[in-house]
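Accompanying notes for the structure given below.
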Amino acid sequence: MKVLKFGGTSVGSAENMRRVASIITDVEGSKIVVLSAMSGTTNILVKISDFIKNKKTDPALHEIDFLKLKYQAEVEELFHTGVFLEKAHILLSYYFNSLVSKVQEIYSSELEKEVLAVGELLSTHIFQLFLEQEGFSSKLISALSFMKIDGQGKPDMEYISGSLKKILEKNNEEVIVTQGFICVNKLGKIDNLQRGGSDYTASLIGAAIQADQIQIYTDIDGMHNNDPRYVEDTFSVEEISFEEAAELAYFGAKILHPQSILPAKEFNIPVLVKNTFDPLSAGTLIHNSKIPDNRIRAIAAKDGITAIKIKSYRMLMAYGFLKKVFEVFEQHQTSIDMITTSEVAVSLTIDDDSRLNQIVQDLKGICNIEVENELSIICVAGDLSKNKSGITAEIFNCLKDIPVRMISYGGSNYNLSFLVESTHKSKALNLLNHGLFTESKKHETLVKVI
Ligand code: ASP
Ligand code: MG
């Protein structure tokens, strides 16, 4: 069994829903199809819920009307036969009336979660009705009947897999449609897996039923070897390990949140990232098994980095100094991304500088500090295990004209990161691309031709 997840853009219009239906029918075997809300919907629902919170009834009703008009137009385009069109309109009336009635209620976080759930409930109902109209055997199963979180907001895996197994025993349709994002909490009330949580739903379902594969359909053809906004001729990476994908994810390879694929990694379920708008392109397969071509996989960069250089002669031959430094960051709930140390100095980077002033104040009490901003971290991800000689030389050879501020290597076997001024980022990405990929690609092509 496979789990297929389609994001907001993939189900964002009648035309795209048709596309999704055709992809699903092309994938062999039985599948659970997880859908996000149509693109933009959850944002509008958040707005509506904020208006309810601030007792702004008219703007809330106005947003509901606006959203309803959009859905009515999509439904008119999707359904041709009278019976199905009528069913679709009844469905819209039901959900939009329920939103209108919530505007009159007193705001609570429970109410907010009920409002947010409407996006996924609508997209899945509409889509499954469409499959029915097209004559495909399918069944809509509410995620609220199996997706559950505990008191800490963590998924209750035992409950999820127990419930799903029972559901699958009873239903043998080839296509089961369900909602991403939404769940019930330990009180049995509607809750959610946080914004962007549909990937997490797919990963949890895949892990719970030991699926053969999880396919995440998005609007790009997988993970690219470099940032296409700055580098020409990037290509999608065919295979990548979970570790490498996790290293890249922080650096704005925005395709998948590393946390969202954790259940898939733990239960060893391969994740295939595909493009809804180009389903024939291979996409990127993320898995746990050893990838034969073990070299550099991809490069990514993150801007808006602040470096803090800490110097203290009290560090010389002392212990406990780093603890004091880290405590300051802990106290201000700021995570440290990169770190290098010498005997008397430590340099570290943060990407969230909202509490920088307080951090600086507190650090000044224990050491001398220097702050630098407008920096970028560049991450080279791949198999950089210790027994591979020459790979660091290859990387730094590309960068001989770039002033590098900090280097982090050896923290994991899967990444080498370094810090540059943001003004040098684009050049660095291009130089690395040329040195690490273009030449080897050319070589590969040559070998194939010969
Ligand atoms: N619809 C939700 C959101 O926009 C969940 C998702 O799309 O993954 O955050
Ligand atoms: Mg998403």
Side-chain angles (χ1 to χ4, degrees), residues 4-27 30-42 44-45 48 61 63-103 114-147 167-168 170-184 190 192 198 201 205 217 276:
L4 275 56
K5 181 259 167 177
F6 294 87
T9 319
S10 302
V11 292
S13 65
E15 191 193 339
N16 291 357
M17 280 205 185
R18 271 203 192 94
R19 229 183 262 275
V20 170
S22 114
I23 291 173
I24 289 171
T25 47
D26 284 349
V27 174
S30 46
K31 50 231 140 192
I32 298 186
V33 175
V34 177
L35 302 184
S36 286
M38 291 175 85
S39 53
T41 303
T42 313
I44 296 178
L45 293 170
I48 293 170
L61 292 172
E63 288 295 338
I64 295 173
D65 274 347
F66 169 77
L67 200 59
K68 189 174 177 184
L69 283 175
K70 174 184 152 65
Y71 275 80
Q72 276 169 339
E74 299 302 347
V75 151
E76 295 282 341
E77 219 184 301
L78 208 50
F79 298 98
H80 319 295
T81 66
V83 186
F84 281 99
L85 190 58
E86 200 187 321
K87 278 188 185 176
H89 278 301
I90 292 172
L91 221 145
L92 294 192
S93 299
Y94 172 80
Y95 282 109
F96 283 99
N97 289 346
S98 85
L99 282 177
V100 170
S101 75
K102 285 185 176 43
V103 175
E114 285 169 20
V115 170
L116 295 198
V118 170
E120 270 69 12
L121 290 167
L122 272 169
S123 65
T124 47
H125 267 98
I126 295 171
F127 183 71
Q128 197 270 333
L129 195 60
F130 175 67
L131 290 182
E132 242 178 82
Q133 172 183 267
E134 303 302 294
F136 299 129
S137 126
S138 64
K139 172 126 187 185
L140 180 65
I141 302 280
S142 172
L144 304 176
S145 65
F146 62 85
M147 192 54 72
I167 289 170
L168 292 179
K170 275 193 243 142
N171 298 283
N172 48 13
E173 283 80 6
E174 203 179 80
V175 180
I176 286 181
V177 180
T178 193
Q179 300 83 19
F181 179 58
I182 65 171
C183 62
V184 288
I190 295 188
N192 61 57
S198 296
T201 304
I205 295 177
Y217 284 83
T276 303

Legend entry - Contacts of type ring-ring contact (aromatic ring centres under 6.0 Å, His included), residue F84, not counting sequence neighbours: none
Inset, instruction - State, with a plain yes or no, whether a side-chain heavy atom of L92 is found less than 4.5 Å away from one of L122. - result: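 Side chain of L92 against side chain of L122, heavy atoms only: contact under 4.5 Å found.
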Inset, instruction - Would you check if H89 and E76 make a side-chain contact, meaning some heavy-atom pair closer than 4.5 Å? - result: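 Side chain of H89 against side chain of E76, heavy atoms only: contact under 4.5 Å found.
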Inset, instruction - For a side-chain contact (heavy atoms from CB on, under 4.5 Å) with F181, tell me which candidate from L116, L35, V34 qualifies. - result: L116
Legend entry - S39: partners by side-chain hydrogen bond (donor to acceptor under 3.5 Å, both in side chains), with sequence neighbours left out: none
Legend entry - Aromatic contact, H125 with Y94 (centres under 6.0 Å):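 No, too far apart.
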Closest non-hydrogen atom pair between [X] and [Y], with its separation:
{"X": "V11", "Y": "M38", "result": "O-CG, 3.1 Å"}
{"X": "T276", "Y": "I23", "result": "O-CD1, 3.6 Å"}
{"X": "R18", "Y": "E77", "result": "NH2-O, 2.8 Å"}
{"X": "T201", "Y": "Q179", "result": "CG2-O, 3.7 Å"}

Inset, instruction - Flag yes if more than 12 heavy atoms outside E86 fall under 6.0 Å of its CD atom; otherwise flag no. - result: no
Inset, instruction - Under the side chain to side chain contact (heavy atoms under 4.5 Å, CB included) rule, collect the residues that match up with I190, sequence neighbours excluded. - result: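 Only E114, A117, L144 meet the side chain to side chain contact (heavy atoms under 4.5 Å, CB included) criterion with I190.
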